[in-house]
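Worksheet: one structure, shown below.
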Protein chains: 2
Amino acid sequence: MFFSIGNFSKITGLSIDTLRYYEKEKLIVPERDSHNQRRYTEKDKTWIDFILRLKETAMPIREIRKYAKLRYEGDQTMKERLEMLRLHRQSILEQKKILEDNLKHLDRKIETYEKEMLSRIK
Amino acid sequence: MFFSIGNFSKITGLSIDTLRYYEKEKLIVPERDSHNQRRYTEKDKTWIDFILRLKETAMPIREIRKYAKLRYEGDQTMKERLEMLRLHRQSILEQKKILEDNLKHLDRKIETYEKEMLSRIK
DNA sequence: ATTTGACATGGAGTAGACTCCAGCATCTAC
DNA sequence: GTAGATGCTGGAGTCTACTCCATGTCAAAT
């Protein structure tokens, strides 16, 4: 089964322009049919879902491109990719820590505000 | 005690240009001395630390400006600010959830990769 | 008295990640 | 056989958040 760029846009939620931009940046490079139109596959769907996860965890396109390059090079780059994933895992843990720290701080601030509001009513 | 923009830059870790940019965006507007030079205070330090926390939790400058405006308007805007903080708290929880979900997924992927690597050695 | 250093302003430039557009090809429906 | 939908390319434009630059003021050091 293949998807045209329009359909792939719908199932991924990415705009057609974004898909073409990602292709220009070599993140995802679909095959072309006899009329030079893009044919995205199920595999492309799996791949873009992972790309989106990398984006959600703040990986810049430059870095995703590095990973994509390895991936398109095939199995012999597995070790290198695994290394990238391990590093990225660390980055996610750090992002989580920052959020948690800020959440704690925010909760204290909200509490202070609430007390202040109460004392104002009295 | 006052800080010149140079000193304030050092203690906040923000560049002088960024501080001036934040002022243009009305995030933090320090007093001026008789020579029109900026005089940042301890309060400004506390305030910018909070701004940085908002930035770390992905609040755009546009939104921080809204909060800053309320804050500069004084105590009567407290309720509104509290409401903003509560909403922002929700946003942090959502960001955390996304990270956690992605971490779980990444961990499974790493495991798969590791198994694949092992089976390759055999 | 002049050089140096920190500060000021207004405006231009940059990086990243899209987003939009003009001009052209192809397929389908009427 | 023409209109409309969909696709293609190359390149320009947009938005956010800075970052850099030219020009100018002022005070302290030499």
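Below, chains carry the letters A, B, ... as their sequence lines are ordered, and counting in each starts from 1.
- The 5' end of DNA chain C is approached more closely, in terms of each residue's nearest nucleotide, by B/I16 than by the other of B/I16 and A/R20.
- If you check residues 37-51 of chain B against DNA chain D, you find no residue with a heavy atom closer than 4.0 Å.
- Every salt bridge (charged side-chain N to carboxylate O under 4.0 Å, His left out) that B/D49 has, sequence neighbours left out, goes to B/K45.
- As rounded to whole Å, 13 Å separates atom C1' of D/dG7 from atom NZ of A/K10.
- For A/T18, the side-chain hydrogen bond (donor to acceptor under 3.5 Å, both in side chains) partners two or more places apart in sequence, or in a different chain, are A/S15.
- Side-chain N or O atoms of B/T112 include one that pairs as donor or acceptor with a backbone N or O of B/R108 at under 3.5 Å.
- By the salt bridge (charged side-chain N to carboxylate O under 4.0 Å, His left out) test, B/E111 is found to be paired with B/K115, residues two or more places apart in sequence or in another chain being considered.
- A/F50 meets the ring-ring contact (aromatic ring centres under 6.0 Å, His included) test with A/Y67; sequence neighbours excluded.
- Here B/R71 pairs with nothing under the side-chain hydrogen bond (donor to acceptor under 3.5 Å, both in side chains) rule; sequence neighbours left out.
- Rounded to a whole Å, the CZ atom of A/F8 is 17 Å from the C1' atom of D/dT6.
- Contacts classified as salt bridge (charged side-chain N to carboxylate O under 4.0 Å, His left out) and involving residues 11-25 of chain A (residues at least two apart or in different chains) are given here: A/E23-A/R32, A/E23-A/R38, A/E25-A/R65.
- Taking every nucleotide of DNA chain C with any atom under 4.0 Å from a non-hydrogen atom of chain A, the first and last of them, 5' to 3', are C/dG16 to C/dC27.
- With sequence neighbours left out, the side chain to side chain contact (heavy atoms under 4.5 Å, CB included) criterion links A/E116 to A/S119, A/R120, B/M78.
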Nucleotides 13-19 of chain D: protein proximity per nucleotide (B base, S sugar-phosphate only, - neither; heavy atom, under 4.0 Å): ---SBBB
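- The salt bridge (charged side-chain N to carboxylate O under 4.0 Å, His left out) search around A/R81 returns none, not counting sequence neighbours.
- Remark: B/E56 pairs with no residue by the salt bridge (charged side-chain N to carboxylate O under 4.0 Å, His left out) rule, at least two apart or across chains.
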